[in-house]
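Okay, handing you the structure first.
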Amino acid sequence: MNRRALRKAKNRAFFALSAVATLTGLACLAAILWTLLSHGLAGMSWHLFTEMTPPPGSQGGLLNALYGSAVMTVLGILIGSPIGVLAGTYLAEYGRRSRLSTVVRFINDVLLSAPSIIVGLFIYEIVVVPMGHFSALSGALALAVLAIPVTLRTTEDMLNLVPVGMKDSSAALGAYPWRTTLSVLYPAARSGIVTGLLLAIARISGETAPLLFTALNNQFWSTNLNAPMANLPVVIFQFALSPYKDWQNLAWAGALIITVTILLLSISARVLLALLQGDRGSGP
Amino acid sequence: MAIIDPRHAAKQLIYERVFRSATLGAAILVLLILGGVTASLVHGAWPAVTHFGFSFVTREIWNPVTDEFGALAPIFGTVVTSLIAMLLAIPAGFGIALFLTEICPPLLKRPIGVAVELLAAVPSIIFGIWGLFVLAPVLQRHVQPWLIAHVGHVPLVGQLFKGPPFGIGILTAGVVLAIMVLPFIAATMRDVFDTVPPMLKESGYALGATTWEVMWNVVVPRSRAGIVGGVMLGLGRALGETMAVTFVIGNAHRISASLLAPGTTISSAIANEFTEAVGDLYTSSLIALGLLLFLITFTVIAAAQAMLRRLERRGGSAA
């Protein structure tokens, strides 16, 4: 009887510990969000979206950084996602079990978790050094390299979810695989592929390390892709570590903007995925 | 009766070849990227490698003025911060996975799971700024003085907690890293636990085992490969994490016995110094650091993937 009580007590103790661990994890998320809201909201104003990053001691906003981040993220997705989607298509449709596919799948999963600063060094070596200067374009390329593994992975997974019957029906009508892929598989897997794009945008829009020595930063308004361009993460990095109060406030405001954007993107990706699975669950 | 126009068929065949080649090219590009990363890092690191040779990884000195560079301090910092992170995050991640699979009321399962995954989506620079302005002061005021007063005098272990409480330093970087990798470890473990066939668990319960006993004696042994894979995936992240560490590590190129002292890691040294590095040897040494980081993380991540893959295959054959 005593032994049983001991076992039960042990069970309860581990339950309590695991609840504590979960609460700690949730508390960390809550603490981060709370800090961002309390510091970031104080710095929120229209100036953020209408003025450039200021020199220390004067008022200003984040307009050039927001613009630069948007441009480089969009360019990164435009360059990276077609490659990811096409490669994912190869793995799911053409190469399925070939040795090449096995290797590509493996390498892709490695790239998915590879440190992003390495990608920055890579682009620095192959783009910045030959060109002789930092540029927005090289920043976008670094982000593209980071976007490829995310879109590749989701595209392959989502194409694999399309029922084989649909593919067979298309083939039975005499369609070549390319026609089947474009007219049947992509539409069927559309929300899944869009989820991948959203996840990729969420992943690259907060990246700082690969931009440090590709796009660098720019205190002024610039739309020149061949010149350094301001971007939100690097501005946050510089301003947060500066001793100036107004720079730090701008950093907090920028941090809030970036986090809210990314969390919204991840939540919409999740909702989209849930809807997708709901559709499948209710199907025949 | 369908009539096949030969010209139409020929065109279709061309489209097919073009599309197939495009997808194949994209797949090969992924391999080229990895090859390109390796080649460019080796190329960039070459001057430092030939100049310093093997002593690059065994020397602590880092002096841009005299152009002498050694990677020992960043390697030390990278390994120690990641070890602290794993020490904290593995039990906590296990706890969260246990909570989500066995204890959590079904109604809360999804919201808590999503919250944990959102923690993984927070960009690393946010962890950095939060770690510097919120976590570091808390550690400096409440945790580190306690450690110095109570653990600092214990023989051997005490060496780790000596010196003034700076707030920033190796320990703080390890704690921030732990919070960052926690969601990855917890999510992988939860997914692996979920793949254990319910029948195995029910057999345990039928023998009168408690939930914890089933967990420890049935679920954990069954998911060992997955647990190790998830932990190593987390380790890979911790080793390569840059921005969050750069904020809180203190950026000092030296090796201290105390975990409370400032230090540096490979990634934070690159992030901090790369754009300011003057001279070919300085830049090259930083790229050599990058090459080292790449080799270390590649090995860890590849091993993790291999393990998770083996598990997937086993799961597939069992189903």
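Naming convention: chains lettered A, B, ... in sequence-line order (proteins, then strands); numbering from 1 in each chain.
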*Where the side chain of B/Ser285 meets the backbone of B/Ala48, is there a donor-acceptor pair that is under 3.5 Å apart?*
no

*Can you pull out the residues in residues 286-294 of chain B with any heavy atom less than 4.5 Å from chain A?*
B/Ile287, B/Gly290, B/Leu293, B/Phe294

*Heavy-atom pair count under 4.5 Å with chain A, highest-scoring of B/Val300, B/Ile270, B/Thr246, B/Val116*: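 Of the candidates given, the most pairs with chain A belong to B/Ile270.
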
*asked:* When you measure from the centre of the six-membered ring of B/Phe184, is the NZ or CZ of B/Arg237 closer than 6.0 Å and no more than 45° off the axis?
replied: yes

*Using a 4.5 Å cut-off on heavy atoms from C-beta on, say whether the side chain of B/Tyr205 contacts that of B/Thr211.*
yes

_Under 4.5 Å from any heavy atom of chain A - which part of B/Thr210_ = both

_Do A/Ser266 and B/Leu118 have side chains that approach each other closer than 4.5 Å (heavy atoms only, starting at C-beta)?_
yes

_chain B neighbours within residues 93-100 of chain A, where any heavy atom lies under 4.5 Å away_ =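 Result: A/Tyr94, A/Leu100.
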
_Set of salt bridge (charged side-chain N to carboxylate O under 4.0 Å, His left out) partners for B/Glu102, sequence neighbours left out_ =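 By the salt bridge (charged side-chain N to carboxylate O under 4.0 Å, His left out) rule, B/Glu102 matches B/Lys201.
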
_A/Leu198 side, atom CG; A/Leu264 side, atom CG - distance, nearest 0.5 Å_ =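 So the CG of A/Leu198 and the CG of A/Leu264 are separated by 11.0 Å.
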
*Heavy-atom distance under 4.5 Å between the side chains of A/Leu111 and A/Leu146, does that happen here?*
no

*Side chains of B/Pro74 and B/Thr265 in contact at under 4.5 Å (non-hydrogen atoms)*: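 Counting from C-beta outward, B/Pro74 and B/Thr265 never come under 4.5 Å.
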
*Those residues of residues 30-38 of chain B, ordered by number, that approach chain A below 4.5 Å (heavy atom to heavy atom)*: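 Within residues 30-38 of chain B, the residues that come under 4.5 Å of chain A (heavy atoms only) are B/Val30, B/Leu31, B/Ile33, B/Leu34, B/Gly36, B/Val37.
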
_Sub-4.5 Å side-chain heavy-atom contact between A/Glu156 and A/Arg105_ = yes

*For B/Phe133, is it the side chain, the backbone, both, or neither that has a heavy atom closer than 4.5 Å to a heavy atom of chain A?*
side chain

*Positive for side-chain contact (heavy atoms from CB on, under 4.5 Å) with A/Leu256, one of A/Thr259, A/Val260, A/Ile258*: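 Per the side-chain contact (heavy atoms from CB on, under 4.5 Å) rule, the option paired with A/Leu256 is A/Val260, out of A/Thr259, A/Val260, A/Ile258.
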
*Going through the checks in order, is the side-chain contact (heavy atoms from CB on, under 4.5 Å) test met by B/Ile112 and B/Leu100?*
CA-CA 8 Å; B/Ile112 295 183; B/Leu100 285 176; 3.7 Å; yes

*Under 4.5 Å from any heavy atom of chain A - which part of B/Leu182*: side chain

_Engaged part of B/Ile129 at the chain A interface, taking heavy atoms whose separation is under 4.5 Å_ = both

*Using a 4.5 Å cut-off on heavy atoms from C-beta on, say whether the side chain of B/Phe127 contacts that of B/Leu135.*
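Not touching, per the 4.5 Å side-chain cut-off.
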
_Any B/Phe274 side-chain heavy atom under 4.5 Å of A/Ile117 side chain_ =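 B/Phe274 vs A/Ile117: side chains apart.
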
